[in-house]
2 protein chains.
Amino acid sequence: MDTFAALADPTRRNIFEYIVRGETSVGEIVERFSFKAPTISQHLKILKKAGLVQSRADKQKRLYTVRADGLAEVESWVQLQQKCMSERLDALEHHLSQ
Amino acid sequence: MDTFAALADPTRRNIFEYIVRGETSVGEIVERFSFKAPTISQHLKILKKAGLVQSRADKQKRLYTVRADGLAEVESWVQLQQKCMSERLDALEHHLSQ
DNA sequence: CGACTAATTAAGTCAATGGCTAAATATTCT
DNA sequence: AGAATATTTAGCCATTGACTTAATTAGTCG
C-alpha cells in the first residue's frame, strides 16, 4: 500500500537492501538479522503490500525478490519536489539579477 | 533526523509539497489543512529535525521554506537500490543470452 | 502416515505516533 | 503596560507499530 511508510522503518530498508542483492529465502534473512522469524515475516508482508518485493515458492521455502518498479513512486515524488525547488531557485536568481 | 520516517506520514508530505511552492507561514498551512495549529506545528518540527525544511522569523510569524538538500539522502538511497537492481537485471540477461 | 522443515498467523506487550484542548511563550501594536 | 496575534509546549487519549512466544499451516521426505 504505502511505499513511504514501508520504507520508514530502518529494519525494512535493511531487509530490502539485502534482497536487492539477489533472491533470498526468509530463513536467510532471519539468519542475517537478529530478529525472530515472525518479525521478519511481518516486515516482508509490509514490503510486499507496498509493492517493493514479491515472492515465489520453492519447496518449503519462499524466495523473495525486489520488484523492479517498486521504488518508482518514491523516486518520481522526490524528483517532482526537486524540480519544483530548482524552478523556484531559478526564478529567484532571475529576479535577483534584474 | 530520520528523513524516511518524516516522509512516511502523508500529511507531512502534503505540508512539504505546500511549502515547496514558496515560503509559507504556519498560519497559512493551518488554514489550508484541516488540522489545529499545534498539530501542524508538530509536523513542522519533525520536518525540520529531518532537515527537510527551515524557518525564519518575520514579526510574529515564522516563515518556512524547504531545504535544497533535504531530499538528497532519500534520492541517493533510491538510486543506489535501482542501480543494484538494474545491474542484477543486466547480469541476468547476459546470463540468459549465453 | 508421521516426523521434520519453513514460514505465517494469532495473541499479547510496550513504545511511539498523531490527533486534540489548554496553557505558555514570544512579538507586535495601541 | 496591556491587548492582540502567532506559534510552540505540555498533557491527554486512542491508534498503530514493532517486537515477542506459542500455535498453525503448508510442503517434504522417510
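Chain naming here is simple, since letters A, B, ... match the order of the sequence lines and numbering starts at 1 in each.
- The side chain of A/Ala37 approaches C/dT8 more closely than any other nucleotide in the set C/dG19, C/dT8, D/dA18.
- Per the geometry, CG belonging to A/Asp2 stands 15 Å off C1' belonging to C/dT17, to the nearest Å.
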Under the criterion salt bridge (Lys or Arg N to Asp or Glu O under 4.0 Å), I'd like the reasoning laid out for B/Glu28 against B/Arg32: C-alpha separation, chi angles, the key distance, then a yes or no. CA-CA 6 Å; B/Glu28 246 180 292; B/Arg32 303 282 164 179; 5.2 Å; no

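- Distance, B/Phe33 CZ to C/dG19 P: 11 Å, rounded to whole Å.
- If you take CG of B/Leu47 and P of D/dT7, they are 16 Å apart, rounded to a whole angstrom.
- Side-chain atoms of A/Thr65 and A/Glu23 form no donor-acceptor pair, as typed in the model, at a separation below 3.5 Å.
- Using a 4.0 Å heavy-atom cutoff across all strands shown, A/Gln42 reaches at least one base atom of the nucleic acid.
- The nucleotide whose nearest atom lies closest to any side-chain atom of A/Arg62 is, among D/dA26, C/dT21, D/dC19, D/dA26.
- One atom, CZ of B/Phe35, and another, P of C/dT17, lie 17 Å apart when rounded to the nearest Å.
- Between the C1' atom of D/dG17 and the NZ atom of A/Lys49 lies a distance of 13 Å, rounded to the nearest Å.
- From A/Gln81, atom CD reaches atom CG of B/Leu7 across 9.0 Å, with rounding to the nearest 0.5 Å.
- Using a 4.0 Å cut-off, no side-chain N or O of B/His43 falls inside it from OP1 or OP2 of C/dT17.
- Of the listed nucleotides (C/dG19, D/dT21, C/dA7), D/dT21 has the atom at the smallest distance from the side chain of A/Lys36.
- With rounding to the nearest 0.5 Å, the separation of OH in B/Tyr64 from CD1 in B/Ile29 is 8.0 Å.
- Looking at heavy atoms from C-beta onward, A/Phe16 lies in side-chain contact with B/Trp77 at the 4.5 angstrom threshold.
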Got a list of protein N/O to nucleotides 2-5 of chain D N/O distances below 3.5 Å?
none

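- Nucleotides of DNA chain D nearest to A/Ala5 and B/Ile40 differ in position, and the one nearer the 5' end is that of B/Ile40.
- The nearest whole Å value for the distance from the CZ atom in B/Arg56 to the P atom in D/dA6 is 16 Å.
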Where do B/Arg21 and B/Glu17 land on the salt bridge (Lys or Arg N to Asp or Glu O under 4.0 Å) test, with the steps shown first? CA-CA 7 Å; B/Arg21 301 176 55 186; B/Glu17 285 170 17; over 6 Å; no

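- Separating the OH atom of A/Tyr64 from the C1' atom of C/dT8 is a distance of 9 Å, rounded to the nearest angstrom.
- For C/dC20, one of the phosphate oxygens OP1 or OP2 lies less than 4.0 angstrom from a side-chain nitrogen or oxygen of B/Thr39.
- A distance of 8.5 Å separates OG of B/Ser34 from CD1 of B/Ile40, quoted to the nearest 0.5 Å.
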Please tabulate, one pair per line, all N/O donor-acceptor pairs under 3.5 Å involving side-chain atoms of residues 42-51 of chain B, not counting sequence neighbours.
residue	atom	partner	partner atom	Å
B/His43	ND1	B/Arg12	NH1	3.2
B/Lys48	NZ	B/Ser55	OG	2.7

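- Atom NZ in B/Lys45 sits roughly 13 Å away from atom C1' in C/dT25 (whole-Å rounding).
- With A/Ser76 contributing its side chain and A/Ala72 its backbone, the two residues share a donor-acceptor pair below 3.5 Å.
- Checked by atom type and distance alone, the side chain of B/Arg13 pairs as donor or acceptor with a backbone atom of B/Ala8 at under 3.5 Å.
- Heavy-atom distances under 4.0 Å link DNA chain C to B/Asp9, B/Thr11, B/Arg12 of residues 8-31 of chain B, given in residue order.
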